[in-house]
Amino acid sequence: MRIATWNVNSLRTRIDRVEALLDRHEIDVLALQETKAREDQLPLMGLQSRGYEIAAAGTNQWNGVAIISRVGLEDVEVGFPGQPGYAKDAADPAEPESRAIGATCGGVRLWSLYVPNGRKPDDPHYVYKLEWYAALREAARAWVGAESVLVGDWNVCPTDDDVFDVTQFKNSTHVTPAERAAFFAFAEDGWVDTVKPYDPGYTYWDYYRQRFERNRGLRIDFLLGSPSLAARVTGAFVDRDERDPAQGTGAPSDHAPVVVDLG
DNA sequence: ATGGTCGGCACCCGA
């Protein structure tokens with residue numbers, strides 16, 4: 001079985017690229033982030049004609065996630081237990097908890113995750129990000145004993161090797177000790193980075209300043225497997241060609257898809 | 001310290 005994750009930066013804008021990706025790599029299960037589409041806006045025809053089902057949640061802003069599967073899509077769950085929302089102010093209710101969707105596909109429990117960006121280390125969104133990480137870790141303890149995988153845009157560079165130049169991130173999120181600790185806490189619970197042994201390369205390049213052409217990227221998209229799922233991994237790769245502005249039609253997403261094979 | 005480029009219920013704001 002072949003699973004993949006991709007921060008697509010608008011599913012409607014890039015539906016042709018999604019379909020081409022599924023075809024090109026014969027992907028069985030694809031997790032998407034930043035779909036920027038409500039359920040009533042999903043482009044379904046080309047997916048259904050290829051034999052895929054889709055489950056999605058979110059708004060048309062940044063927090064949309066989805067799972068596309070041709071090996072079954074069961075027990076769909078929007079949001080994980082205890083997932084915090086973000087309240088813009090005391091009077092407003094927390095925003096909809098739509099940055100995580102889970103499903104069982106081909107016997108594997110998969111979560112498509114978009115970890116909150118955090119904006120700036122002194123921003124309330126940064127505190128929210130750390131709370132979100134802690135709540136996810138707690139919820140994930142219930143899944144680590146089964147064949148499970150946590151995939152998506154984690155919005156963190158775990159080590160300095162995962163940033164093209166860490167000195168440019170002095171007052172930025174993604175590299176702070178607290179974010180890195182929040183990410184590495186998953187390893188303490190048994191979660192395994194399934195991609196790094198096969199491809200430790202960047203997965204994101206900013207649209208500005210020809211960052212892709214100069215290979216000045218970040219590694220922030222991960223597939224963390226439970227021990228029993230990690231034992232099945234036979235290979236993995238980052239599809240850099242999908243990020244190449246010189247290939248394909250129209251602007252690419254700023255993230256590359258990440259693919260993992262299970263034996 | 002800026003600015004550069006994307007996307008969307010858009011002419012700004014968040015990534």
Side-chain angles (χ1 to χ4, degrees), chain A residues 5-19 21 31-43 56-66 84-89 92 94-100 112-130 132-133 151-157 162-176 179 183 202-222 239-258:
Chain A
T5 186
W6 190 22
N7 180 323
V8 68
N9 188 16
S10 173
L11 179 53
R12 284 174 292 168
T13 296
R14 274 179 265 283
I15 184 58
D16 291 349
R17 285 175 175 267
V18 168
E19 292 170 3
L21 180 79
L32 296 172
Q33 301 84 36
E34 291 203 59
T35 52
K36 298 185 178 178
R38 298 185 308 264
E39 269 190 78
D40 59 291
Q41 297 174 318
L42 296 177
T59 68
N60 41 21
Q61 291 201 314
W62 311 277
N63 50 1
V65 287
Y86 182 83
K88 283 182 275 300
D89 57 63
D92 270 355
E95 71 179 36
E97 299 186 355
S98 49
R99 290 180 160 126
S112 178
L113 306 167
Y114 178 73
V115 174
N117 173 286
R119 299 191 184 179
K120 291 275 159 30
D122 60 356
D123 192 294
H125 286 88
Y126 177 81
V127 177
Y128 170 58
K129 179 180 191 174
L130 295 178
W132 206 95
Y133 257 114
V151 317
D153 179 352
W154 294 71
N155 269 317
V156 64
C157 305
D162 303 318
V163 203
F164 65 89
D165 180 4
V166 76
T167 66
Q168 294 198 19
F169 286 71
K170 266 298 172 203
N171 292 307
S172 303
T173 58
H174 293 59
V175 299
T176 66
E179 289 167 280
F183 179 82
Y202 301 141
T203 64
Y204 163 87
W205 297 259
D206 203 301
Y207 282 125
Y208 307 156
R209 305 180 192 175
Q210 297 184 300
R211 285 268 171 85
F212 180 82
E213 290 82 348
R214 299 156 64 204
N215 195 27
R216 296 169 76 75
L218 309 177
R219 192 171 77 101
I220 57 176
D221 298 272
F222 302 99
D239 183 6
R240 293 169 44 90
D241 289 347
E242 176 56 50
R243 177 62 184 86
D244 187 348
Q247 301 192 37
T249 307
S253 170
D254 42 2
H255 293 249
V258 187

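In what follows, chains are A, B, ... by sequence order, proteins preceding strands, each numbered from 1.
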Side-chain N or O of [X] less than 4.0 angstrom from OP1 or OP2 on [N]?
X: Arg211(A); N: dT5(B); answer: no
X: Ser253(A); N: dC6(B); answer: no
X: Thr13(A); N: dG8(B); answer: yes

Rounding to an integer number of angstrom, what distance separates [N] and [M] when you compare their [atom1] atoms?
N: dA1(B); M: dC12(B); atom1: C1'; result: 22 Å
N: dC6(B); M: dT2(B); atom1: P; result: 23 Å
N: dT5(B); M: dA10(B); atom1: P; result: 22 Å

Rounded distance in Å - [atom1] ([X]) to [atom2] ([N]):
X: Arg216(A); N: dG4(B); atom1: CZ; atom2: C1'; result: 14 Å
X: Arg12(A); N: dG8(B); atom1: CZ; atom2: C1'; result: 8 Å
X: Asp244(A); N: dT5(B); atom1: CG; atom2: P; result: 17 Å
X: Gln168(A); N: dT2(B); atom1: CD; atom2: P; result: 16 Å

[Y] and [X] side chains, donor-acceptor separation under 3.5 Å:
X: Asn117(A); Y: Trp62(A); result: no
X: Asn7(A); Y: Glu34(A); result: yes
X: Tyr204(A); Y: Asn155(A); result: no
X: Ser253(A); Y: Glu242(A); result: no

Please report the C-alpha distance between Asp239(A) and Trp6(A) in whole Å, then the side-chain angles of each, then the deciding distance to 0.1 Å, and finally whether the side chain to side chain donor-acceptor pair (under 3.5 Å) criterion is met.
CA-CA 10 Å; Asp239(A) 183 6; Trp6(A) 190 22; over 6 Å; no
N/O-N/O pairs, protein side and nucleotides 11-15 of chain B side, under 3.5 Å:
residue: dA15(B); atom: OP2; partner: Arg119(A); partner atom: NE; Å: 3.1
residue: dA15(B); atom: O3'; partner: Tyr114(A); partner atom: OH; Å: 3.4
residue: dA15(B); atom: N6; partner: Tyr208(A); partner atom: OH; Å: 2.7
residue: dA15(B); atom: N1; partner: Tyr208(A); partner atom: OH; Å: 2.9

Tell me, please, which residues at least two apart from Arg243(A) pass salt bridge (Lys or Arg N to Asp or Glu O under 4.0 Å).
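Partners of Arg243(A) by the salt bridge (Lys or Arg N to Asp or Glu O under 4.0 Å) criterion come out as none, since no residue qualifies.
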5′-ward residue of the pair Ala251(A)/Gln61(A) relative to DNA chain B
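Comparing both residues, the 5'-ward one is Ala251(A).
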Name the orientation class of the two ring planes belonging to Trp154(A) and Phe222(A) (parallel below 30°, tilted from 30 to 60°, perpendicular beyond 60°).
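Trp154(A) vs Phe222(A) ring planes: perpendicular.
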